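Report on the following structure.
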Amino acid sequence: MTTDATSRAIIHLDMDCFYAAIEVRDRPALRGKPVGVGGARDRRGVLTTCNYEARKFGVHSAMPTFMALQRCPNLIVLPTRFDVYRREAAVVREILHRFSPLVEPLSLDEAYLDVTAHPGAPGPLAQVIRDLIFQKTKLTSSAGIGPNKLIAKIASAMRKPNGQLEVAAAEVPGFMQDLPVREIWGIGEKTERRLEELGVKTCGELQRFSRPDLVDLFGKFGSELFDLCRGIDDRPVEPDRPRKSLSTEETFPSDLETLEQCEERLAELYQELMADLAQKETSRRVNKIFVKLKFADFSRTTAERAGLEPSLAGFRALLTEAFARTGKKVRLIGVGVRFAETPAAELQMALL
Ligand code: TTP
Ligand code: MG
């Protein structure tokens, strides 16, 4: 059966201050206090996120920790625990899959669901999903419900934290009218500034331009803008295609000569990999870890070990092994994981 694009029911679900909410849940004494999660000030760290109490002071994601502490001196800064976040995200993901096979994760705490085929009305359905998530995890989430991804995503942000907003197809024109153009997916600072120069701040104002006008101004994206500013978005909800591995690597400006130098860089790459893993591959079980080295003469070697969860100690052992194979100067280090073959089955097992 093909579904008319205008009659879809899409939910955008986003956990509230996800990492911070988990830390506060696990440390009840922190309830009501401003909490950030990320790197320590003295190590030039950056916050991954913070709770809503901290946001009142102007603290936000990606802010250097020292700056966050200037704005909010009582901020409690906790280190990240990616393994815990991944586990919670997997529980959430499993709940979402009970309601539709069409779940498209945007990050570990955010996803679109196409619930068009579900017999329930989408608004109450979103409430049921959020209640279930809370029941299982004691974490709150917010949802937007609309006829497409654009509307659903914008709507969920409007009722944060712990709320939801449904925009019916008939309400879309009114919803878009006063909406700032920057809310549209694809409009960055540059486009926003150009539009402002044209006297355009809201989607309603943008609607005065014809499609050819917008193409003249913005090229191919202009044509998309013509639809988006009217709340029209035909992008389908696309479930994840499982990848086989995830890795991160760095080529160094000058070759590394000693194992100690390599170990220092390995620790940084490990942090990056873990953050990436938490964001992109929430529910997958890792069944192999590996370290890849490329040497000054461009030859390469990979050391890997099966049956290990990723840990710094595990990667260090592999680095030592790979380094000892040649003793040549190191031009690039890569660290990565390979996933178990059948993600869905693995996940079911993990949750039993
Ligand atoms: P978001 O959903 O963007 O933020 P959030 O859940 O913390 O807060 P909100 O209530 O506004 O949704 O990101 C989800 C998690 O991803 C967040 O808890 C921490 C992590 N993250 C980073 O590591 N770096 C970042 O720059 C951002 C934005 C998020
Ligand atoms: Mg979130």
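Below, all heavy atoms of this structure are taken into account, side chains as well, without hydrogens, waters or symmetry copies. Residue numbers count from 1 along this sequence. Quantities reported herein were computed from a predicted structural model and do not represent experimental measurements. All ligand and atom numbering here is 1-based and tracks the order in the structure.
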Taking atom types as modelled, find out whether Y85 and E23 have a side-chain donor-acceptor pair closer than 3.5 angstrom.
yes
Residues D131 and Q135: side-chain donor-acceptor under 3.5 angstrom:
no
Find all atoms of ligand 1 within a distance of less than 4.0 Å from any non-hydrogen atom belonging to D109, and give their numbers and elements.
2 (O), 6 (O), 13 (O), 14 (C)
Check I333 against L269 and note the closest heavy-atom contact, atom names and distance.
O-CD1, 3.5 Å
Salt-bridge contact K153-D14 (side-chain N to carboxylate O under 4.0 Å)
no
Do any of the N/O/S atoms of D16, backbone or side chain, fall under 2.8 Å from the Mg ion (ligand 2)?
no
Less than 4.0 angstrom from a charged side-chain N to a carboxylate O is my criterion; do K294 and E249 meet it?
no
Which one holds for M15 and ligand 1: side chain close, backbone close, both close, or neither close, with close meaning a heavy atom under 4.0 Å?
backbone
Using a strict threshold of under 4.0 Å (side-chain N to carboxylate O), is an ion pair present between E197 and R194?
no
Nearest to atom 16 (O) of ligand 1, what protein heavy atom do you find, and at what distance?
Q279 NE2, 3.0 Å
Can you tell me if, anywhere in E110, an N/O/S atom lies at a distance from the Mg ion (ligand 2) that is smaller than 2.8 Å?
no
Among all the protein's heavy atoms, is there at least one whose distance to atom 7 (O) of ligand 1 comes out below 4.0 Å?
yes
With a 4.0 Å cut-off on heavy atoms, is S107 touching ligand 1?
no
Looking only at heavy atoms, is any part of M63 under 4.0 Å from ligand 1, and if so is it the side chain, the backbone, or both, or is it neither?
neither
Tell me whether the NZ or CZ atom of R130 lies within the 45° cone about the ring axis of F134 and under 6.0 Å from its centre.
no
Please say whether C17 places an N or O atom under 3.5 Å from an N or O atom belonging to ligand 1.
yes
Can you name the nearest heavy-atom pair linking V337 to F290, along with the distance?
N-CE2, 3.6 Å
Crowding at CZ, R31 (>12 non-hydrogen neighbours, <6.0 Å):
no
Hey, is E23 one of the residues with a heavy atom under 4.0 angstrom from ligand 1?
no
If you compare Y85, Y19, F82 by their heavy atoms, the one closest to atom 18 (O) of ligand 1 turns out to be Y19
Any donor and acceptor pair, going by atom type alone, linking the side chain of S100 with main-chain N or O of L102 inside 3.5 Å?
yes
Which of the listed options, D16, T49, V37, holds the heavy atom that is closest to atom 4 (O) of ligand 1?
T49
Proximal atoms of ligand 1 relative to R55 (non-hydrogen, under 4.0 Å):
5 (P), 7 (O), 8 (O), 9 (P), 10 (O), 11 (O)
Looking only at N, O or S atoms, which one in D109 sits nearest to the Mg ion (ligand 2)?
OD2
For Y52, the ligand 1 atoms whose distance to one of its heavy atoms is below 4.0 Å
9 (P), 10 (O), 11 (O)
Closest protein heavy atom (residue, atom, distance) for atom 23 (O) of ligand 1
T48 CB, 3.3 Å
Any nitrogen or oxygen of F18 lying under 3.5 Å from a nitrogen or oxygen in ligand 1? Just yes or no.
yes
If you stand at the Mg ion (ligand 2) and look out to O of M15 and OD1 of D14, what angle do those two lines make, to 10°?
90°
Which residue owns the protein heavy atom closest to atom 3 (O) of ligand 1, what's the atom, and how far is it?
E110 OE1, 4.7 Å
Could you tell me whether K136 and E94 have a side-chain N and a carboxylate O separated by less than 4.0 Å?
no
Note: ligand 1 atoms sitting under 4.0 Å from heavy atoms of D14 are 2 (O), 12 (O)
Salt bridge R235-E104, side-chain N to carboxylate O under 4.0 Å:
no
Kindly confirm whether the Mg ion (ligand 2) is within less than 2.8 Å of some N/O/S atom in S142?
no
Would a 4.5 Å heavy-atom cut-off, applied to side chains only, mark R331 and T251 as touching?
yes
